[in-house]
Structures are given as structure tokens and as C-alpha cells.
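Working notes, beginning with the structure itself.
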Amino acid sequence: MSMTVDSLKTYAVNTWCPGCGNFGIERGIKQVFADLVNEGSVKKENIVILSGIGCHAKMVDYIAVNSFYSLHGRVVAPATGIKVANPELTVVGFAGDGDAYGEGLEHLIFAAKRNVNITMMIHNNRVYGLTTGQYTPTSPKGFAGRSTPKGSLEEPMNPIELMLASGASFVARAFPLQLEPMKSVMKQAILHRGFALVDILQPCFTFYNTYQFYRPRVFDLQQAGHDPSDWEAAMQRAREWNYTDADDSKIALGVFYRAEKPAFDESLLGERRLLALSSPALGGVLETHI
Ligand code: SF4
């Protein structure tokens, strides 16, 4: 029997604000999980999702798969542990921009450097929504929020550029209003063998409504002829938009970069990984080597 999106519903009552970009992300990832299970690429019982703290974190309440609610900025650490402990699992972390690009940034950089075989979906709304509107690492300079009523003095961070520089083997950007392209990117990220990051431009309808800003500015990298195997070209594309709110911004969506290289669990476990995958002796292997 095929898996339906409805079968991924949980008992939890959704508390996101009406109009929140998180709805599109939830809808997209549920369809992606259902597709991956139905086409035999992933087993439902092997999917593990994690979240940090923030509005995005309710994803683990709303999707009926194995899940782990972590701490603020700490999604990558347990995700790495889960993947290394059982490489058969499909590990997908959800984190906010304050979560992943602020407090948890060092974890993210090292996961990229190590090529940990996990996927990170970043709900980048460029504001702390849950705590009612403070600026984050990707808020534009001049952002007037609760903690910066006269405007943020800082230039925003460019996470695409940072992830490319950190050695990430899959780097992409998506926009929830473009559901099908977002699903395609999510699917490619999950199936990628190695560290995958998808920076999702998720409008926060209540504290930083960016729908109208993004809509006319986004374009598809692949349709523009970008070659995702070219790291230099990816870096050049990444620098075309520095998360500013400049009027002439053009914002690339899709896969910036993809490379094949050994994943961390493969390098760490080597031959023992094959044993772990094929044998009920997994517990013994882990006791000896982890
Ligand atoms: Fe979404 Fe913003 Fe509301 Fe949080 S505060 S649920 S991010 S619209």
C-alpha cells in the first residue's frame, strides 16, 4: 500500500500564524517523504527528523515519523550522532536561521567540513519569530526589530557562501511559494550522499513579511544554465545576492553546488559500516568502535 501525505499527520494542533511560510515547507517535505517511500528510495521507519528551538521546530510535532526535539542551535550534533550510530537511517534536521547560523554555527561548519551524511533544512525567515521579532544573522542591515528599533547595524551573513567555503558537498536554496522546485531540491538533498544544506527563504508573515520582496526577484539557477559541479561558479552565484534588501536584487534558487566525496560515517566506520548495514551485530560493532 502506498504512503499518503495524510498518513504523516499527527494529533498536534498547528499553532503557526496564518500565512506563515512554514506551512509550505511542511507540505513540501511531507510530499517528498511520501514520494521517497513510495518509490522505494527510503523506508519510513528509517526516517529521523530533528529540530532546534523556534517556530520551525514544530515540524517534529507535525510529521509522523521518528523525531527528536533538540536544543537551540544543537540540531547538527544529535543528527551526526544518530547517523553515525546507524548509517541506515535517513537523517533530516530542521533549524531556523538564528538556530543554525547563530548559536549553532560552529556545528554547521564542522558538519560541512566533515561531510556528515545528513540533510539540514534551514527555515531562514531572517528574524527570530518565536521571540517576537529580533534580528538574526541573515537580517538585512537596518532591520528594525524588537532588539534593534533604530535598525540593525550589521551586514547580513551569506550562508550559501559560508557553506561553500566550509566544504559542504550539497548547497541549495529554495522558496516555499515555488512548491515543486522546492520539493525537487529537498529530494535531491535527502538523496545526496554527504552533507546537504537547503537554505529555505521562509517568510515570517507576522514579523518580517518578505513574500512580496522575494516573489519578483527569484529565478531558477538550473534554467539559467548554472553547472552545479563548478564550485567557482557556485561561489560567484552565491555572491550575487548577499541577503540584503536592495531593490535590484536577483535571488537564485536551486542547487548551487553538488560534489561526490566520502561521507563522514563511511570514512569513520570503513569496512565496519558494511557489517553494520548487513548484520544484526550492529550493537556489537557500535559498542566496540563508537
Ligand atoms: Fe511563522 Fe513568523 Fe508566526 Fe513564527 S512568528 S509562526 S515564523 S509567521
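Each ligand, and each atom within it, is numbered from 1 in the order the structure gives.
In the vicinity of Cys55, heavy-atom distances shorter than 4.0 Å reach the ligand 1 atoms 4 (Fe), 5 (S), 6 (S), 7 (S). Taking every non-hydrogen atom of Gln202 and a distance limit under 4.0 Å, the qualifying atoms of ligand 1 come out as 7 (S). Of all atoms in ligand 1, numbered sequentially from 1 with element shown, those under 4.0 Å from a heavy atom of Thr206 are 3 (Fe), 8 (S). Every atom of ligand 1 with a heavy atom of Phe207 under 4.0 Å away is listed here by number and element: 5 (S). The distance from ligand 1 to the heavy atoms of Trp16 drops below 4.0 Å at these ligand atoms: 6 (S). Counting the atoms of ligand 1 from 1 in the order shown, those under 4.0 Å from a heavy atom of Gly129 are 5 (S). Ligand 1 places these atoms under 4.0 Å from at least one heavy atom of Asn125: 7 (S).
With respect to atom 8 (S) of ligand 1, the closest heavy atom belonging to the protein is Phe205 N, 3.3 Å. For atom 1 (Fe) of ligand 1, the closest non-hydrogen atom on the protein side is Cys20 SG, 2.3 Å.
Taking a cutoff of 4.0 Å between a charged side-chain nitrogen and a carboxylate oxygen, Lys113 and Glu106 do not qualify as a salt bridge. One finds no salt bridge joining Arg114 and Asp265 here, because no Lys/Arg side-chain nitrogen approaches an Asp/Glu carboxylate oxygen to under 4.0 Å. Between Arg239 and Glu161, at least one side-chain nitrogen of the basic residue sits less than 4.0 Å from a carboxylate oxygen of the acidic one, meeting the salt-bridge criterion. The pair Arg193-Glu260 counts as a salt bridge, with a side-chain nitrogen and a carboxylate oxygen less than 4.0 angstrom apart.
Looking at Thr132 against ligand 1, nothing comes within 4.0 Å, counting heavy atoms.
Inclusion of Cys17 in the first shell of atom 1 (Fe) of ligand 1 is not supported: no N, O or S atom falls under 2.8 Å. For atom 2 (Fe) of ligand 1, the N/O/S atoms of Cys204 include one lying under 2.8 Å.
Taking the ring centroids of Trp16 and Phe205, they lie at or beyond the 6.0 Å cut-off.
Asn46 and Thr90 share no side-chain donor-acceptor pair at under 3.5 Å.
Although no hydrogens or angles enter the test, the distance criterion places no donor-acceptor pair under 3.5 Å between the side chain of Ser152 and the main chain of Phe143.
Surrounding NZ of Lys261 are more than 12 heavy atoms belonging to other residues, nucleotides or ligands, all under 6.0 Å away.
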